[in-house]
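When a ligand or atom number is given, it counts from 1 through the structure's own listing order.
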Amino acid sequence: TTALSINNLRKVYDNGFEALKGISLQVEEGDFFALLGPNGAGKSTTLGIVSSLVNKTEGSVSVFGHDMERELSKAKKCLGVVPQEFNFNMFEKVIDIIVTQAGYYGIPLNEARERAEFYLRKLGLWEKRNERARMLSGGMKRRLMIARALIHNPRLLILDEPTAGVDIELRRSMWEFLQEINAAGTTIILTTHYLEEAESLCRNIAIIDHGTIVQDTSMRELLLQL
Ligand code: ADP
Ligand code: ADP
């Protein structure tokens, strides 16, 4: 099964800048996949389109066979997204942010509470459940974003620079967590500009530069070339 299929995706921003020049990518179910590239390469634009935060200019995207144009709600059910910017309400309590999100997916309240407890414990946020989000450190806010993205048990989790600005110790514990949920069956795609991060975590990798895919290979083969 193909978890994510991107075909000839092109993005021209309103100012005329062509951020994606017709890229194609396939990510298979179960993979741990990295989209690697320097700043400005087009990584966030790609993930922005997949998570319907950015409008595409041309091309198509499907998630587990559901085209994002024709079957958006089915595609969204399969998809959890952790964008780079914190986009929760800073004045809401941690637990409420998670439970509210579960409501959007029609998850019954008692089930939502159980899942919220599970992920908040896993991510070391359970003690903070009654704090307002703005009281959390940057690393905790990042983990809150991850917990929220997982609440509907998506088959595909996409993270944009999940460990940017996170210290090395916390970065390692986030890596372990991501490996654990990948081992349990969740397909993971992340963007990063740290080769080290891609190297420790990912089986397959695509390298993007100036809006074009310049490499699409397994991590092993890439390392053999270096
Ligand atoms: P879209 O084509 O998806 O509607 P827009 O071109 O309207 O996107 O821009 C969306 C937002 O991104 C705007 O708020 C804009 O200020 C911001 N933006 C503009 N240029 C850049 C840039 N070079 N890098 C990052 N963000 C930018
Ligand atoms: P990355 O995530 O790899 O750093 P982005 O996808 O954020 O790259 O940006 C790709 C290119 O598109 C960059 O040159 C950036 O300045 C430009 N860009 C991003 N958002 C906008 C926008 N809203 N309007 C115009 N240009 C943008």
Side-chain angles (χ1 to χ4, degrees), residues 3-27 31-63 68-69 72 75-76 79-88 138-139 141-146 148-149 154 156-168 170-171 174-175 178 182 187-219 222-223 225-226:
L4 178 69
S5 176
I6 294 178
N7 300 292
N8 297 313
L9 190 62
R10 199 165 153 257
K11 172 64 183 179
V12 181
Y13 280 106
D14 291 355
N15 65 0
F17 183 78
E18 188 178 16
L20 296 178
K21 299 174 180 165
I23 65 164
S24 296
L25 263 189
Q26 316 286 325
V27 178
D31 204 353
F32 202 136
F33 188 96
L35 186 59
L36 184 75
N39 278 321
K43 303 182 296 295
S44 295
T45 302
T46 305
L47 295 199
I49 294 170
V50 173
S51 50
S52 32
L53 300 169
V54 175
N55 296 316
K56 67 183 159 80
T57 305
E58 265 174 53
S60 65
V61 176
S62 62
V63 179
M68 303 248 347
E69 236 162 66
L72 182 61
K76 278 190 161 174
L79 189 62
V81 180
V82 182
Q84 242 181 86
E85 282 90 39
F86 302 133
N87 60 358
F88 42 73
K141 288 186 181 116
R142 182 68 53 202
R143 283 177 281 153
L144 172 57
M145 298 276 285
I146 296 176
R148 188 184 59 173
L156 173 61
L157 179 67
I158 293 189
L159 309 103
D160 196 0
E161 299 273 356
T163 61
V166 167
D167 68 58
I168 186 68
L170 180 56
R171 196 181 301 165
M174 284 171 69
W175 289 358
L178 293 175
N182 176 245
T187 308
I188 299 183
I189 301 175
L190 56 78
T191 69
T192 183
H193 57 267
Y194 302 117
L195 178 62
E196 190 212 353
E197 178 156 278
E199 194 183 325
S200 343
L201 289 173
C202 300
R203 278 190 289 282
N204 291 299
I205 187 167
I207 300 177
I208 184 169
D209 194 18
H210 291 95
T212 304
I213 302 283
V214 294
Q215 279 249 26
D216 188 355
T217 182
S218 70
M219 199 65 229
L222 181 73
L223 292 174
Q225 286 172 27
L226 294 178

Contact list for residues 15-26, test salt bridge (Lys or Arg N to Asp or Glu O under 4.0 Å), sequence neighbours left out: R10-E18

Ligand 2 to A19 polar contact by distance, N or O atoms, under 3.5 Å: no

Please list, in number order, the atoms of ligand 2 under 4.0 Å from a heavy atom of N15. 25 (C), 26 (N)

Give me the atom names and distance for the closest heavy-atom approach of V50 to L79. O-CD2, 3.5 Å

Would you give the length of the straight line joining atom OH of Y13 to atom CG of L20, rounded to the nearest 0.5 angstrom? 7.5 Å

Contact check: F17 vs ligand 2, nitrogen or oxygen atoms, below 3.5 angstrom: no

Tell me which one of N39, T45, L36 gets a heavy atom nearest to atom 9 (O) of ligand 2. T45

Decide whether the shortest distance between a heavy atom of G37 and an atom of ligand 2 is less than 4.0 Å. no

With atoms numbered from 1 as shown, which atoms in ligand 2 lie under 4.0 angstrom from a non-hydrogen atom of P38? 3 (O)

Which ligand 2 atoms are under 4.0 Å away from a heavy-atom of K43? 1 (P), 2 (O), 3 (O), 4 (O), 6 (O), 8 (O)

If you count the atoms of ligand 2 from 1 in the order shown, which ones are under 4.0 Å from a heavy atom of S44? 1 (P), 2 (O), 6 (O), 7 (O)

Ligand-residue contact atoms, ligand 2 with A41, heavy atoms, under 4.0 Å: 1 (P), 3 (O), 8 (O)

Which donor-acceptor pairs under 3.5 Å do side chains of residues 208-219 form with protein atoms, sequence neighbours excluded?
unit_1: Q215; atom_1: NE2; unit_2: Q225; atom_2: OE1; d: 3.1
unit_1: T217; atom_1: OG1; unit_2: E221; atom_2: OE1; d: 3.4
unit_1: S218; atom_1: OG; unit_2: E221; atom_2: N; d: 3.2

Check the pair S52 / M68 against side-chain contact (heavy atoms from CB on, under 4.5 Å), numbers first and verdict last. CA-CA 8 Å; S52 32; M68 303 248 347; 4.1 Å; yes

Among T192, L25, I205, side chain to side chain contact (heavy atoms under 4.5 Å, CB included) partner for L35: L25

Flag the pair N204 / Q26 as yes when at least one side-chain heavy-atom distance between them is below 4.5 Å, and no otherwise. no

